[in-house]
Amino acid sequence: MHEMSIAVGLMEQVFDVAEKNNLKEIEEIEIEAGFLRQIVPEVMQQAFLAVRQDTIARNATLKIIEVAPLSECNICKKQFQPSLNDFLCPTCRKADVKVLKGDEIILKSIQGKESK
Amino acid sequence: MKVTIAKRILKDNDAIAEKNREIFKNADLLAVNFISSPGSGKTTLLEKTISALLPEQKTTVIVGDLQTTRDADRLESNALDVVQINTGMSCHLYANQVTESLSGLNVNEADYLFIENVGNMVCPGEFDLGENIKVVLLSIPEGDDKVAKYPTVFRAADIVLLTKVDLLGVLNFDIDHVVSDIRKLNSKVEIVHVSSLNGEGMSQWVSWLKSKRQESVGKKAKFIADV
């Protein structure tokens with residue numbers, strides 16, 4: 001369900017970038033989705049189909065790159081891969097971490113045709 | 001033409017949230033975002049909490065719901081003022097909705113702003129509203145598997161209130177299992193058992209809130225999207 005909110009936020013960014021770069025038609029949008037954000041690619045694609053309608057992105061494709069999670073223990077500084085339900089440091093056995101990767105949802109790039 | 005960007009998708013919301021946080025700081029207000037599923041007891045807890053803080057400390061409230069003003073009507077008697085936001089089909093509040101509500105609230109006279117988010121365990125955790133702390137409620141009737149099912153919101157919580165604990169003897173709910181699931185996500189989070197019905201845990205929760213009033217005004221709440 002949160003995919004729709006994310007798709008709406010994504011399109012705001014996309015239109016902003018398109019305007020600044022004088023793009024009249026968008027062909028491809030590339031996003032990075034951290035594993036911990038639990039974005040379901042199929043649902044995200046459906047949400048994208050809904051938000052791209054009647055816009056300069058109406059024929060665009062959405063490429064989703066999943067980013068694996070990585071966290072760092074705030075106590076011993078060990079880096080490890082957490083799972084969705086387990087952020088315990090393998091050394092300290094405490095879940096007191098900084099998430100280095102996996103929480104992001106980033107607009108990476110836009111491919112489009114420029115206005116003449 | 002390919003344009004490389006690398007920007008956070010929700011950055012527009014985050015920028016508005018940052019401005020909200022500045023307004024709260026200038027008003028010397030603690031902004032608290034209450035997140036839970038529908039029916040966990042948010043409104044009742046808010047009613048009791050607002051009363052418990054009186055007469056020394058005053059609270060102003062923003063309530064988010066898809067429809068109706070029922071929650072606002074319930075909170076009106078003790079709160080300084082209440083704004084109800086009907087989100088229609090949106091399952092969470094946005095930072096700009098909070099900004100728009102502020103004109104109807106006397107933030108300078110209040111000590112706390114309670115934001116009762118739309119009942120939902122997923123989306124509200126992703127949208128910064130400008131709050132200083134996040135309170136997550138989990139009620140006993142919801143079942144002891146909910147932390148494992150919705151881990152993200154618990155990871156970002158400052159405190160987890162296990163609500164309706166008066167039902168612990170009636171329903172099959174393994175509280176140790178829930179606490180262990182929470183601790184796997186967040187070793188530091190405060191966990192308090194409360195019952196709005198019989199008052200259990202209320203003084204512990206209210207004392208915690210008052211201590212946060214002292215130390216967290218102006219601070220940014222933990223967000224999952226800070227990478």
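Order of the sequence lines sets the chain letters (A, B, ...), proteins ahead of strands, with each chain counted from 1.
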Check your understanding: Quick one: do the A/S5 and B/E126 side chains pair a donor with an acceptor below 3.5 Å?
Key -> no

Review point. Which bit of B/F154 is near chain A, if near means a heavy-atom gap under 4.5 Å: side chain, backbone, both or neither?
Key: neither

Study note, to complete from the structure: On a heavy-atom basis, the closest approach of A/I31 and B/I9 is CG2-CD1, 3.9 Å

Review point. Is B/K11 atom NZ crowded by more than 12 heavy atoms from other residues, nucleotides or ligands, each under 6.0 Å away?
Key: yes

Check your understanding: Between B/S187 (side chain) and A/A95 (backbone), is there a donor-acceptor pair under 3.5 Å?
Key -> yes

Revision key, fill the gap. Rounded to the nearest 0.5 angstrom, the CG-CG distance for B/L10 and A/L107 is 11.5 Å

Point to revise | Nearest-0.5 Å distance that lies between atom CG in B/D181 and atom CG in A/D86 | key: 9.5 Å

Practice item. Give a yes or no on whether A/F48 atom CZ has more than 12 heavy-atom contacts from other residues, nucleotides or ligands under 6.0 Å away. Key: yes

**Study point:** Atom group of A/Q38 that falls short of 4.5 Å from chain B, counting heavy atoms
**Key:** side chain

Point to revise | Gap between atom CG of A/D103 and atom CZ of B/R155 - 0.5 Å precision | key: 4.5 Å

**Study point:** Nearest-0.5 Å distance that lies between atom CD1 in B/I5 and atom CD in A/Q13
**Key:** 8.5 Å

Point to revise | Residue pair B/V147 / A/N85: nearest heavy atoms and the distance that separates them | key: O-OD1, 4.1 Å

Check your understanding: Measuring heavy-atom distances to chain B, does A/E30 have an atom under 4.5 Å in its side chain, in its backbone, in both, or in neither?
Key -> side chain

Practice item. Nearest 0.5 Å please: distance from the CG atom of B/N186 over to the NZ atom of A/K94. Key: 11.5 Å

**Study point:** chain A contact via B/V189 - which portion, at a heavy-atom distance below 4.5 Å
**Key:** neither

Check your understanding: What's the spacing between A/K108 NZ and B/K2 NZ if we round to 0.5 Å?
Key -> 9.5 Å

Review point. Among A/V97, A/I6, A/L88, who wins on heavy-atom pairs under 4.5 Å with chain B?
Key: A/L88

Exercise for review: Against chain A, label B/V122 side chain, backbone, both or neither, depending on which of its atoms sit under 4.5 Å from a heavy atom there.
Suggested key: side chain

Point to revise | Closest contact, heavy atoms only, B/P151 versus A/L84 | key: CB-O, 3.3 Å

Revision key, fill the gap. In terms of heavy-atom pairs under 4.5 Å with chain A, the winner among B/K7, B/K149, B/H92 is B/K7

